[in-house]
Amino acid sequence: MQRLSMKRSAIDLEEMASGLNKRKMIQHAVFKELVKLVDPGVKAWTPTKGKQNIIMFVGLQGSGKTTTCSKLAYFYQRKGWKTCLICADTYRAGAFDQLKQNATKARIPFYGSYTEMDPVIIASEGVEKFKNENFEIIIVDTSGRHKQEDSLFEEMLQVANAIQPDNIVYVMDASIGQACEAQAKAFKDKVDVASVIVTKLDGHAKGGGALSAVAATKSPIIFIGTGEHIDDFEPFKTQPFISKLLGMGDIEGLIDKVNELKLDDNEALIEKLKHGQFTLRDMYEQFQNIMKMGPFSQILGMIPGFGTDFMSKGNEQESMARLKKLMTIMDSMNDQELDSTDGAKVFSKQPGRIQRVARGSGVSTRDVQELLTQYTKFAQMVKKMGGIKGLFKGGDMSKNVNPSQLAKLNQQMAKMMDPRVLHHMGGMAGLQSMMRQFQQGAAGNMKGMMGFNNM
Ligand code: GDP
Ligand code: MG
């Protein structure tokens with residue numbers, strides 16, 4: 001017995017070390033090492049409620065400071081902090097206007113000057129003013145130069161000395177590459193950088209330079225910028241970041257999940273989709289599939305570059321609750337309504353049906369109408385998708401459909417989706433990056449995807 005079991009474990013080891021498993025093991029080891037690299041071993045700075053927290057931004061010109069200042073202010077404002085912005089960039093023409101515009105749009109109080117040329121004076125005055133007004137988050141934007149110039153560092157140091165920030169954020173463009181380490185170190189040598197924000201991660205750059213920035217500044221990455229808009233901003237999460245860096249995402253986990261659903265067995269649905277047909281019952285089943293997949297966040301978390309905003313508890317519960325409500329409404333529909341290829345028409349022809357379903361499911365008639373509107377949008381989408389040749393052929397989707405068709409499809413999907421849902425998904429960029437991931441990694445799983453997009 002003893003010998004037998006020993007032999008067994010030896011065989012297991014051999015198996016593990018071979019082929020795919022070997023690759024997985026190496027990947028895992030690399031992954032773990034990289035995770036260690038983005039962890040500077042210090043806790044990220046967090047603001048204290050009820051206190052005046054002064055945050056100063058530093059970084060080269062064009063790295064995204066002004067944009068990111070506004071994003072961070074917006075982030076805290078939405079969380080209920082009393083937040084404001086100060087423009088201490090007197091170097092770049094239009095700097096104040098840029099900040100003013102962002103702040104006004106987001107209704108964030110701001111301070112700056114068109115005439116004062118000394119950034120130290122502006123920063124001090126602004127901080128003083130907002131401190132007196134009991135602002136909790138005071139964010140100071142500073143100027144940058146194209147290169148690391150002595151004058152920039154001198155100015156930065158003077159501003160820092162004058163306002164005594166609680167946190168200095170170093171803003172880094174993800175595409176910076178090789179120069180990254182020296183640059184980050186130069187900033188850290190002059191002022192006490194305590195946090196890093198990596199911007200422009202929505203582009204081609206994977207942000208590998210961030211690893212050097214963390215090492216050089218001994219500071220954690222606190223947020224990432226994923227677009228030009230004020231809410232293209234996510235708290236930094238190690239695992240998805242590294243996944244993206246390695247270009248793998250957790251596509252494997254995602255495929256496993258989708259496969260668990262055995263959606264491939266659903267030949268009837270696929271057949272219908274091919275012909276551009278989609279009934280209320282199909283929608284119901286798609287919702288069921290999503291529910292079966294378990295926590296939404298888990299699924300979405302597997303898709304790199306995805307809006308983490310979506311994964312926060314509130315949103316997830318909200319989405320799930322909405323889904324459940326829609327399903328409850330459909331539970332009150334009869335077979336004729338559920339199986340019609342134009343479910344909405346059945347209702348519009350005989351509006352009494354809407355009242356019946358509303359009563360049966362304990363919702364208002366408007367809720368039923370909204371569901372039908374949503375359904376109509378999905379059905380339209382399916383129709384369009386059915387019209388794109390080869391989309392549901394299976395196999396490698398990217399080979400079946402050409403890029404311009406896909407781009408068009410993405411746009412159509414965005415148009416047809418509930419804007420709130422699209423927003424949750426990280427906007428158009430989120431949707432596109434998801435589409436891209438599927439095209440690259442999980443091609444052929446289009447069937448499984450239907451569920452996500454419908455949300
Ligand atoms: P600053 O000179 O450091 O203040 O940089 P800005 O905030 O003015 O940003 C420079 C450019 O980068 C602007 O065109 C921004 O819209 C853009 N930008 C900033 N952050 C991001 C981001 O996360 N993604 C993308 N795509 N663009 C960004
Ligand atoms: Mg700026």
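Residue numbers count from 1 along this sequence. Below, all heavy atoms of this structure are taken into account, side chains as well, without hydrogens, waters or symmetry copies. As the structure is a computational prediction, the values presented were derived from the model and not from experiment. Atoms within each ligand, like the ligands themselves, are counted from 1 in listed order.
- A donor-acceptor distance shorter than 3.5 angstrom exists from the side chain of Thr142 to the backbone of Phe57, with no hydrogens or angles considered.
- Looking at Met156 and Phe187, their side chains come closer than 4.5 Å, going by heavy atoms from C-beta outward.
- Within the 3.5 Å criterion, the main-chain N or O of Ile55 finds no donor-acceptor partner in the side chain of Asn167.
- Summarising the geometry, atom CD belonging to Gln101 is positioned 10.0 Å from atom OG belonging to Ser70; distances are rounded to the nearest 0.5 Å.
- For Lys71, every heavy-atom contact with ligand 1 shorter than 4.0 Å involves the side chain, none the backbone.
- At the top of the distance list for atom 22 (C) of ligand 1, counting protein heavy atoms only, stands Gly227 O, 3.1 Å.
- Residue-ligand proximity: Leu60 is placed with a non-hydrogen atom under 4.0 Å from ligand 1.
- Closest to atom 6 (P) of ligand 1, if we only count protein heavy atoms, is Thr67 OG1, 3.5 Å.
- Here is the list of ligand 1 atoms found below 4.0 Å of a heavy atom in Gly225: 23 (O).
- For the pair Glu125 and Lys129, the salt-bridge criterion is not met [side-chain N within less than 4.0 Å of a carboxylate O].
- Listed by chain and number, Thr66 OG1 are the protein N/O/S atoms closer than 2.8 Å to the Mg ion (ligand 2), with waters left out.
- Side chains of Tyr170 and Gln183: a donor on one and an acceptor on the other come within 3.5 Å.
- Given atom 2 (O) of ligand 1, the protein heavy atom at minimum distance is Arg92 NH1, 2.5 Å.
- Distances between N or O atoms of Lys200 and those of ligand 1 include at least one value under 3.5 Å.
- When hydrogens are left out, the protein atom nearest atom 10 (C) of ligand 1 is Gly62 O, 3.8 Å; that is the closest non-hydrogen contact.
- Any N or O atom pair closer than 3.5 Å counts here, and Thr66 shares at least one such pair with ligand 1.
- Using modelled atom types, no side-chain atom of Ser219 and backbone atom of Val214 make a donor-acceptor pair closer than 3.5 Å.
- A side-chain donor-acceptor contact under 3.5 Å links Gln77 to the backbone of Arg107.
- Looking at ligand 1, you'll find an N or O of Gly64 within less than 3.5 Å of one of its N or O atoms.
- No salt bridge links Arg78 with Asp231; every basic N to acidic carboxylate O contact stays at or beyond 4.0 Å.
- Within the structure, ring pair (Phe, Tyr, Trp, His ring centres under 6.0 Å) pairs that include any residue of residues 82-110 comprise Phe96-Tyr114 (at least two apart or interchain).
- Residue contacts with ligand 1, taken as heavy atom pairs separated by less than 4.0 Å, involve Thr226 solely via the backbone atoms N, CA, C and O.
- Shortest contact from atom 27 (N) of ligand 1 to any protein heavy atom: Glu228 CG, 3.4 Å.
- For the pair Lys185 (side chain) and Ala216 (backbone), a donor-acceptor distance under 3.5 Å is absent.
- Nearest protein heavy-atom contact of atom 8 (O) of ligand 1 is Gln98 NE2, 3.0 Å.
- To the nearest 0.5 Å, atoms OG (Ser212) and CG (Leu37) are separated by 9.0 Å.
- Residue contacts with ligand 1, taken as heavy atom pairs separated by less than 4.0 Å, do not involve Thr68 at all.
- Heavy atoms of Asp202 found under 4.0 angstrom from ligand 1 belong exclusively to the side chain.
- Under the 6.0 Å distance and 45° angle rule, Lys79 counts as a cation-pi partner of Phe75.
- Looking at Lys65 next to ligand 1, an N or O pair under 3.5 Å apart turns up.
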| request: Kindly determine whether Phe233 and Ile197 satisfy side chain to side chain contact (heavy atoms under 4.5 Å, CB included), including the steps that lead there. | output: CA-CA 10 Å; Phe233 195 56; Ile197 294 182; 4.2 Å; yes
